[in-house]
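Computation of the quantities below employed the complete heavy-atom set of this structure, encompassing side-chain atoms and omitting hydrogens, waters and symmetry-equivalent molecules. Numbered from 1 within each chain, the chains take letters A, B, ... in sequence-line order.
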Protein chains: 2
Amino acid sequence: MFLYICFMEQTKSIYSPYLSVDCVVFGFDGELIRVLLIKRKQAGQEVFALPGDLLDLSESLDETAVRVLNDLTGLNNIYLEQFGTFGDVDRISNPIDIEWLSTIRERPEERVITTAYFSLIKIEDFELKPNSFAEQVLWQPIEQKKQLAFDHNKIANTAWSILQYKIRNEPIVAFNLLPKKFTLRQLQGLYESIVGSELDKRNFRKRIQGKKFVSPLEEFEEGVAHKPARYYSFDEEIYKREFEKGQWFLF
Amino acid sequence: MFLYICFMEQTKSIYSPYLSVDCVVFGFDGELIRVLLIKRKQAGQEVFALPGDLLDLSESLDETAVRVLNDLTGLNNIYLEQFGTFGDVDRISNPIDIEWLSTIRERPEERVITTAYFSLIKIEDFELKPNSFAEQVLWQPIEQKKQLAFDHNKIANTAWSILQYKIRNEPIVAFNLLPKKFTLRQLQGLYESIVGSELDKRNFRKRIQGKKFVSPLEEFEEGVAHKPARYYSFDEEIYKREFEKGQWFLF
DNA sequence: TCAAAAGTGTTTGCACTACACCCATGG
DNA sequence: CCATGGGTGTAGTGCAAACACTTTTGA
């Protein structure tokens with residue numbers, strides 16, 4: 001045992017820090033943008049975090065992201081895009097985090113660098129199943145700030161900025177968050193939630209009507225206490241063709 | 001020794017892969033966009049690579065990038081922006097790379113994941129000084145494809161795509177590549193080099209004249225065999241103000 | 001009949017495109 | 001005087017912004 005410890009000390013400078021993957025998954029419930037969080041199995045504490053775990057030596061980063069998200073939340077087959085790697089020396093410094101790590105990991109104080117992935121899903125398409133060290137999985141509204149583990153607030157904020165930037169240049173992100181059939185009110189509400197300002201209804205609808213990748217359906221809302229809205233659908237094939245031609249700016 | 005090997009085998013699954021940092025530094029010589037490469041000190045081989053090296057456990061990723069670039073090329077005090085982390089399992093597989101790693105590293109076959117940084121500099125502002133394991137430092141024209149070590153071609157291509165994307169949305173990247181005083185011909189040439197198509201001179205100049213962050217100077221070219229061009233300068237303060245207001249699209 | 005959201009057109013100005021010729025300089 | 005790149009203006013077109021009322025439905 002003594003030898004083992006000595007060796008570990010010695011290897012500290014030879015080896016790299018641990019590497020982990022964290023996922024920021026966004027969803028839209030028709031009104032609010034939400035982020036997927038897990039609640040840790042940690043005795044006596046309520047600690048929330050982004051779903052994430054250590055990389056296994058046999059996996060690529062992308063594979064780790066897929067596995068980790070599935071292990072912790074049950075989510076499967078969803079699009080993930082890498083957006084950054086967070087390598088500050090002190091990103092694991094909160095005693096509560098270290099306490100928790102000591103229950104699941106040797107050498108809990110060891111440095112960890114994490115690569116973050118970003119995803120957009122339709123909330124109602126998936127059923128969440130907490131698993132592994134996640135006691136609970138929840139959809140946290142983005143505007144309700146919650147204290148997260150490690151530097152996960154920083155990571156989530158970075159992802160949020162990227163989403164806000166992307167929706168201006170790649171309108172597909174909006175349709176990834178909406179159901180297959182959606183009303184223009186929903187689409188506009190989603191835009192407004194993300195860009196954070198109100199948009200003119202007539203101009204918004206005019207722009208949408210000019211986009212071939214959004215098609216009106218012959219279906220309408222039912223049981224609403226106002227004129228029922230028409231449903232629309234998104235055609236990814238057409239979108240991609242337009243996108244390649246460079247005519248893909250929605251705003 | 002046997003024990004040592006055994007332990008290494010055992011730790012493989014405990015420890016993470018090595019972590020390294022690679023830098024893609026772009027420059028513009030007035031005509032061509034170039035990328036900064038190093039030539040390795042490797043006997044009997046001419047191998048070129050992006051400047052990069054392993055992370056030290058005491059450094060953040062950003063600090064590593066700064067150090068590595070300085071160690072290998074002498075470059076100092078330059079802006080670096082992280083743009084991706086490359087973690088494929090087989091990214092170190094070329095025998096020439098493994099042979100070289102065996103001369104500078106224990107366990108050369110060990111997996112390495114690398115975080116890549118992106119930079120834009122004015123070529124003439126800096127003097128290159130090869131150092132460490134760099135035998136030579138060179139500015140390679142971007143359109144002359146060269147076989148690079150590891151997956152550095154993939155990394156450099158990703159950086160190039162990002163530059164092409166950025167110049168459309170963040171015109172500041174252009175001014176990072178130009179001297180403090182530049183002619184509109186130089187600016188237009190730079191744009192054309194990056195976007196890869198020709199632009200209309202009159203329309204280009206009209207757009208520039210509408211931007212408050214580009215100011216005409218009372219200086220002109222000298223000794224040229226044609227009408228001397230006026231020099232212009234870039235005002236980063238004004239740019240940032242416009243940028244914050246969201247009125248920053250050059251195209 | 002009321003509340004609530006759906007849906008619809010016009011005008012105005014700004015921005016982008018296409019396009020061709022004279023100017024200043026050095027060799 | 002020639003070659004080279006610098007520098008300029010206009011007409012036409014299309015997109016974006018501002019803006020208010022009628023319609024349909026359930027309660």
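Panel note: side chain B:Lys122, backbone B:Leu178; a donor-acceptor pair is recorded below 3.5 Å.
In this structure, of D:dT8, C:dT8, D:dG7, it is D:dG7 that holds the atom nearest to the side chain of B:Arg230. Looking at the side chain of B:Pro228, the nearest of the listed nucleotides C:dC19, D:dG26, C:dA24 is C:dA24.
On a pure distance criterion of 3.5 Å, a polar donor-acceptor pair joins the side chain of A:Lys201 and the base of C:dA6. Counting atom types as modelled, B:Arg202 pairs a side-chain N or O with a base atom of C:dA20 as donor and acceptor under 3.5 Å. A donor-acceptor contact under 3.5 Å is not formed by the side chain of B:Lys206 with the base of D:dT8.
A salt bridge does not link A:Arg241 to A:Glu237: none of the charged side-chain nitrogens sits closer than 4.0 Å to a carboxylate oxygen. Checked for salt-bridge contact, A:Lys166 and A:Glu81 meet the test: a charged N lies under 4.0 Å from a carboxylate O. For A:Arg230 and A:Glu218, the salt-bridge test passes: some basic side-chain N is under 4.0 Å from an acidic carboxylate O.
Using a 4.0 Å heavy-atom distance criterion, A:Arg205 is classed as a base contact.
Between the C1' atom of C:dT8 and the CG atom of A:Asn203 lies a distance of 12 Å, rounded to the nearest Å. In this structure, B:Gln188 places its CD atom 9 Å from P of D:dG6, rounding to the nearest Å. The distance from atom CD of A:Gln186 to atom P of C:dA5 is 13 Å, rounded to the nearest whole Å. Distance CD (B:Glu221) to P (C:dG26): 11 Å, rounded to an integer number of Å. Rounded to an integer number of Å, the gap from B:Lys227 NZ to D:dG6 C1' is 5 Å. Counting to the nearest Å, the P atom of C:dA5 and the CZ atom of A:Phe204 are 17 Å from each other. One atom, CD of A:Glu198, and another, P of D:dA17, lie 15 Å apart when rounded to the nearest Å. Rounded to whole angstrom, the span from the CG atom of A:Leu184 across to the C1' atom of C:dA5 amounts to 12 Å.
Aromatic ring centres of A:Phe234 and A:Phe182 lie farther apart than the 6.0 Å criterion allows.
Phosphate proximity of C:dT17 to B:Arg207: present, with a side-chain N or O under 4.0 Å from OP1 or OP2.
Between A:Phe220 and A:Ala225, the residue anchored nearer the 5' end of DNA chain C, judged by the nucleotide with its closest heavy atom, is A:Ala225. Judged by closest nucleotide on DNA chain D, A:Asp200 is the one of A:Asp200 and A:Val224 placed further toward the 5' end.
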